[in-house]
Peer 1: 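Can you read through this structure? Questions will come right after.
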Amino acid sequence: MSFVMGLNPMRTTGVKQLWRHACRLVAAAVTVAAISQPAYALIELDITQGNVEPMPIAISPFAGSGLQEDVAGQISQVVAADLQRSGLFRPIDPTAHIQQGMNVGTMPRFGDWRTIGSQALVTGSIAQQANGQIRAEFRLWDVFAGQQLIGQQFFTTPENWRRLAHIISDAVYQRLTGEKGYFDTRVVFIDESGPKDARRKRLAIMDQDGANVRYLTRGDDLVLTPRFSPVSQEVTYMSYVGGNPQVYLFNIETGQREVLGNFPGMTFAPRFSPDGQKVIMSLQQGSNANLYLMDLRTRRTTRLTNTAAIDTSPSFSPDGSQVVFESDRGGSQQLYVMNSNGSGATRISFGPGQYSTPVWSPRGDLIAFTKVHQGRFMIGVIRPDGKGERILTEGYHNEGPAWSPNGRVLTFFRDTVGEQGGPQVWTVDLTGYNEQLVQTPNFASDPAWSPLLD
């Protein structure tokens, strides 16, 4: 998929607004301000549990004509849905808009938008080109200052309209928060269908909002624990082919699959290094399991741990200098951090219960984990030094957190109760309040987030 983007950055001469976030422990203020330079906003979200008051924003239905009229409306709807799902924005119902029928070249009547409480406004249009492509243009306006914040245009093929909407959402998100968005991304997961005692598990991929589901394997063999490369559209996962567990590398764009290596015993939890050049994994030998690192270029394997325990679920820090993993070396499943060469392992979890499936945030500031205590399954975060543990969500069976590429949202899966129940994919942000179900065709587990698409 290719996009050609034309930039038309507009400067604003005076923008000032205050966006307050009411938190239980800390009240964080967000200020959008600029004088004689492009305005920007910085959302300061405290890592303690808090309740975020979303910003009212109006997404005017994009203008289109003829063939593109339906596409134009769908793009604006996806943009509104993306921003709403983030928990940071509250799109205003289009039926409440006073100024209707706006085109991207129309100057907003800012008083009309202030009347309905909108702080920001998105307008856009879609046009068919002679070569069959569509041209999409949008503008983001500061309603209080009466100024344009950004204006951009894109050229692409009609079938890419949904991805185009996600790119626009990311642009709006970044302009108003000062941080990169996460909407133009995909999630790989395990699609589960059939009766509970004989589930068919297929490797699948979807847009981050659950659209465009595509199956990558046929379900002939059991697949588990898919993980995205942080720098490419490659996935590593475990599969039982002929009853033997092996780690595979799968290229999503080409569909090519290769075995990483034939290892004795069971192989668990493969995950990429930050540069995408290595894979770290857990290999079982007898009753023990230790961590190994494989160079994808040379296929050379290095052993990192050597204990009479079960060490598994390793995850690199963003700079590649450290690894977090789970181990029962202390008598129960706990979280440990060590240097990337295997030295200096230090326990960081000391709360009641068992900790598992740790994964380092792309920001480097937090580690997400699964915790089980007194029959409760929880998804939480903890700082790399073991301080600041906080539970974001709990349920009947929560497991397998994975970070969005901007480190603000986690995806995980939750089992539902009963004989007809099964796992579903959910997301939750760092406040712990914005919890969202991701609709999938069947039951779904083991989600893993892609980096932003090129």
Side-chain angles (χ1 to χ4, degrees), residues 186-208 210-228 235-252 255-271 281-284 287 289 310 312-313 326 333 354 356-357 359 370 372 375-379 393-402 411-427 436-449:
R186 298 185 289 190
V187 172
V188 68
F189 66 101
I190 303 301
D191 176 271
E192 301 189 18
S193 58
K196 198 166 188 177
D197 58 351
R199 286 275 162 81
R200 182 189 187 196
K201 295 190 176 186
R202 292 179 288 177
L203 187 65
I205 193 169
M206 62 182 173
D207 294 352
Q208 52 78 27
N212 294 330
V213 173
R214 180 162 58 97
Y215 297 102
L216 306 178
T217 62
R218 297 180 301 180
D220 298 333
D221 303 300
L222 178 66
V223 290
L224 298 170
T225 60
R227 300 290 181 259
F228 249 110
V235 173
T236 182
Y237 66 95
M238 190 177 77
S239 179
Y240 285 81
V241 178
N244 297 317
Q246 294 189 352
V247 175
Y248 285 86
L249 187 67
F250 186 92
N251 187 303
I252 293 173
Q256 292 182 330
R257 183 182 76 165
E258 60 178 309
V259 179
L260 284 185
N262 293 311
F263 305 102
M266 298 279 287
T267 309
F268 297 100
R271 195 182 290 274
M281 66 194 86
S282 177
L283 305 183
Q284 181 177 352
S287 59
I310 297 177
T312 189
S313 296
E326 67 174 89
Q333 285 177 286
Q354 297 178 314
S356 61
T357 65
V359 55
T370 302
V372 181
R376 297 158 56 209
F377 287 79
M378 295 162 274
I379 301 295
T393 183
E394 62 179 88
Y396 169 67
H397 184 181
N398 293 340
E399 193 174 348
T411 183
F412 63 97
F413 68 98
R414 169 182 292 157
D415 267 320
T416 52
V417 184
E419 286 298 319
Q420 303 302 317
Q424 295 174 303
V425 173
W426 291 76
T427 61
Q436 304 273 351
L437 172 66
V438 180
Q439 296 287 349
T440 53
N442 303 303
F443 292 128
S445 61
D446 280 334
W449 225 308

Peer 1: Checking Glu326 now: which residues fulfil side-chain hydrogen bond (donor to acceptor under 3.5 Å, both in side chains) with it, not counting sequence neighbours?
Peer 2: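 Listed in chain order: Ser313, Gln333.
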
Peer 1: Minimum heavy-atom separation for Tyr237 to Pro226, with atom names?
Peer 2: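 Looks like CB-CA, 3.7 Å.
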
Peer 1: Counting only N and O atoms by type, is there a donor-acceptor contact under 3.5 Å from the side chain of Thr236 to the main-chain atoms of Tyr248?
Peer 2: yes

Peer 1: Are Pro401 and Thr411 side-chain neighbours, meaning at least one heavy-atom pair lies under 4.5 Å?
Peer 2: no

Peer 1: Please round to the nearest 0.5 Å and tell me the distance separating atom OG of Ser282 and atom CD1 of Ile310.
Peer 2: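 Rounded to the nearest 0.5 Å, the OG-CD1 separation comes out at 8.5 Å.
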
Peer 1: As a quick check of understanding, evaluate side chain to side chain contact (heavy atoms under 4.5 Å, CB included) for Met206 and Val438, giving each step before the final call.
Peer 2: CA-CA 10 Å; Met206 62 182 173; Val438 180; 3.8 Å; yes

Peer 1: Can you name the residues that form a side-chain hydrogen bond (donor to acceptor under 3.5 Å, both in side chains) with Glu258, not counting sequence neighbours?
Peer 2: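 Glu258 satisfies side-chain hydrogen bond (donor to acceptor under 3.5 Å, both in side chains) with Arg299 once adjacent residues are dropped.
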
Peer 1: Might you work through the side chain to side chain contact (heavy atoms under 4.5 Å, CB included) test for Ile379 and Thr370, ending with a clear yes or no?
Peer 2: CA-CA 5 Å; Ile379 301 295; Thr370 302; 3.8 Å; yes

Peer 1: Looking at CZ of Arg257 and OG1 of Thr217, how far apart are the two atoms once the value is rounded to the nearest 0.5 Å?
Peer 2: 8.0 Å

Peer 1: Is Ser445 reaching over with its side chain to a backbone N or O of Phe413, donor-acceptor style, under 3.5 angstrom?
Peer 2: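 No.
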
Peer 1: Thr393 and side chain to side chain contact (heavy atoms under 4.5 Å, CB included): which partner among Phe377, Trp426, Phe412?
Peer 2: Phe412

Peer 1: Measuring only between side-chain heavy atoms, which start at C-beta, is Val235 closer than 4.5 Å to Arg227?
Peer 2: no

Peer 1: So, using side-chain hydrogen bond (donor to acceptor under 3.5 Å, both in side chains) as the criterion, who are the partners of Asn398 when residues are at least two apart?
Peer 2: Arg414

Peer 1: What's the shortest heavy-atom distance between Ser239 and Asp221, and which atoms?
Peer 2: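 Heavy-atom minimum between the residues: OG-CB, 3.7 Å.
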
Peer 1: Hey, are the side chains of Thr225 and Pro270 touching, using non-hydrogen atoms and a 4.5 Å cut-off?
Peer 2: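 A side-chain contact under 4.5 Å exists here.
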
Peer 1: Between atom CD of Glu399 and atom CG of Asp446, what is the distance when rounded to the nearest 0.5 Å?
Peer 2: 7.0 Å

Peer 1: Less than 4.5 Å apart, any side-chain heavy atom of Gln208 and any of Trp449?
Peer 2: yes

Peer 1: What pairs with Asp191 under salt bridge (Lys or Arg N to Asp or Glu O under 4.0 Å), at least two apart in sequence or on another chain?
Peer 2: Arg202

Peer 1: Taking the side chain as every heavy atom from C-beta outward, state whether Lys196 and Phe443 have any atom pair closer than 4.5 Å.
Peer 2: no

Peer 1: Can you list everything that forms a salt bridge (Lys or Arg N to Asp or Glu O under 4.0 Å) with Glu192? Sequence neighbours excluded, please.
Peer 2: Arg199, Lys201

Peer 1: Do Met238 and Val223 make a side-chain contact, defined as non-hydrogen atoms from C-beta onward lying under 4.5 Å apart?
Peer 2: no

Peer 1: Under the side-chain hydrogen bond (donor to acceptor under 3.5 Å, both in side chains) rule, collect the residues that match up with Asp197, sequence neighbours excluded.
Peer 2: none

Peer 1: Hey, mind stepping through Leu224 and Ile190 against side chain to side chain contact (heavy atoms under 4.5 Å, CB included) and telling me if it holds?
Peer 2: CA-CA 7 Å; Leu224 298 170; Ile190 303 301; 5.7 Å; no

Peer 1: Minimum heavy-atom separation for Pro447 to Val187, with atom names?
Peer 2: CB-CG1, 3.8 Å

Peer 1: What pair of heavy atoms forms the shortest contact from Pro423 to Asp415, and how long is it?
Peer 2: N-OD1, 2.9 Å

Peer 1: How long is the straight-line distance from CZ of Arg214 back to CG of Asp207, given to the nearest 0.5 Å?
Peer 2: 10.0 Å

Peer 1: I would like to know whether Val188 and Phe228 meet side chain to side chain contact (heavy atoms under 4.5 Å, CB included); could you show each step before the answer?
Peer 2: CA-CA 7 Å; Val188 68; Phe228 249 110; 3.7 Å; yes

